[in-house]
K.L.:
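Questions regarding the structure given below will be posed in turn.
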Amino acid sequence: MNNTKTIYADYSATTPVRQEVIDAMLPLYKEDFGNPSSIHSYGIKAQKYLETARNNIAAVLNAKSNEIYFTSGGTEANNTVINGIEILVEENLIKKKKHIITTKIEHSSVIAQVERLQKKGWQITWLNVDKEGFISLEELKSNISDQTALVSIIHANNEIGTIQDLKNISLVCKSHNVLLHADAVQSFCKVPVDVNELTVDFLTISGHKIYGPKGVGALYIKSSQKLPPLIIGGGQEANLRSGTENISGIVGLGIAAKLLNSEIHQIASKLRQQQIRLMEKISSSEDKKFIFTGVEINKIKENIPNEKFLYRIPGHISLCIKDTEAESIVLQCDLCGIAISAGSACSNLDLKTGESTLKPSHVITALNIPKEYEKGSIRITLGKDTTNEEVDYIAESLINIINKLSAKKTVLK
Ligand code: PLP
């Protein structure tokens, strides 16, 4: 493998915008630059683009077009839901109490909002996860009540790729008449996400994880539900999200979703094979100085024949390396021409010593893995154009790097 070329293996962080999406977006910057709120022909044309994109997203989610609201991304959509529920409860617009159930492995855009409410006196239940990252339906059932305002669950976790059993989670929520929000940023267009089958009330998606542009996403709100806005002003997006629409981004999101969804089974099946190939090759390393995190290989293999792609995002691999800082691995990989990610460890500055100490991410902490592995969490995520040759090069390089770092004892004690 020629290592002058960089292999991108960080597709859960973001993806390149595919050419068809760029081509579809370009007219919006040039001749079709109208504002959809204008009533002249430029505005009417822009309005048509907007509604076509809305139809595209609705079709992929099996939703109605008027259930799709465009946002600036997944973060804003998640914030809109939690912030909206807060207003509904505090203004007595729904007959629920200040109780939210979520998980210990949410994205920071949910955690930050929920922690804000916790500080205001809301009761928050943080569901545990098992060693593969799954919540327990029993724990959910035992914490839920008709006073619970919202259950917010990350559909597929960004760090370890675990896909929750949203269908059964939604059945529990429905039986208690409790609203359910799913953050589907990492699962959308990678595994089938059908809002009718999953019976969620709110669902978050984002453009830049699906070969679409950054800074655009959408929130699905079931037609029987209503949320107050997070951003107010000119009343765009049926008053949920004011501000002149990011039309080019929205068109890009719509096309990206339509295209990726049309290839979903073919790409997921290729990525499933490559995920297994990579995990098996890494496992073949003689001296195992790591543990895989997330769903185990045998469970992933079970998924191939029925193509349901449950349990784990196809092409997602995560592992923790013993007595090593993830950043060292990421930097060494970069030197070998491979772009991967550290599992979101955050750095803390010790004010007394002036030294920075790495803290394992909340996801790794929730998995309860042995201490000596906690700081070495890395993530490799493959994409639709990743080749088997690249997968083999990643495996070979990673094994060498792990062995080299362990030999040098780049360790944290
Ligand atoms: N939710 C999850 C699970 C994510 O992985 C991300 C982004 O990494 C987000 C939400 C935020 O989406 P965005 O980057 O569009 O704001």
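In this text, all values refer to a predicted model and were calculated from it rather than measured experimentally. The first residue of the sequence shown is numbered 1, and numbering continues consecutively from there. Note that ligands are numbered from 1 as they come in the structure, with each ligand's atoms numbered from 1 the same way.
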K.L.:
Starting from the N and O atoms of ligand 1, collect every protein N/O partner closer than 3.5 Å and put each pair on its own line with the distance to 0.1 Å.
P.N.:
residue	atom	partner	partner atom	Å
ligand 1	1 (N)	D183	OD1	3.2
ligand 1	1 (N)	D183	OD2	2.6
ligand 1	5 (O)	Q186	NE2	2.8
ligand 1	8 (O)	K209	NZ	2.6
ligand 1	14 (O)	H208	NE2	2.9
ligand 1	15 (O)	G74	N	2.8
ligand 1	15 (O)	S206	OG	2.6
ligand 1	16 (O)	G74	N	3.4
ligand 1	16 (O)	T75	N	2.9
ligand 1	16 (O)	T75	OG1	2.6

K.L.:
Considering only distance and modelled atom types, tabulate donor-acceptor pairs under 3.5 Å from the side chains of residues 218-229, sequence neighbours left out.
P.N.:
residue	atom	partner	partner atom	Å
S223	OG	K64	NZ	3.0
S223	OG	E67	OE2	3.2

K.L.:
Nearest 0.5 angstrom please: I85 CD1 to T80 OG1, how far?
P.N.:
11.5 Å
K.L.:
Test of understanding: with salt bridge (Lys or Arg N to Asp or Glu O under 4.0 Å), list the residues that count as partners of K167, not counting sequence neighbours.
P.N.:
none
K.L.:
Could you tell me whether K299 and E132 have a side-chain N and a carboxylate O separated by less than 4.0 Å?
P.N.:
yes
K.L.:
Using the test salt bridge (Lys or Arg N to Asp or Glu O under 4.0 Å), find all partners of E86 that sit at least two apart in sequence or belong to another chain.
P.N.:
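R116, K120.
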K.L.:
Are any side-chain N or O atoms of E159 and backbone N or O atoms of S361, one a donor and one an acceptor, separated by less than 3.5 Å?
P.N.:
no
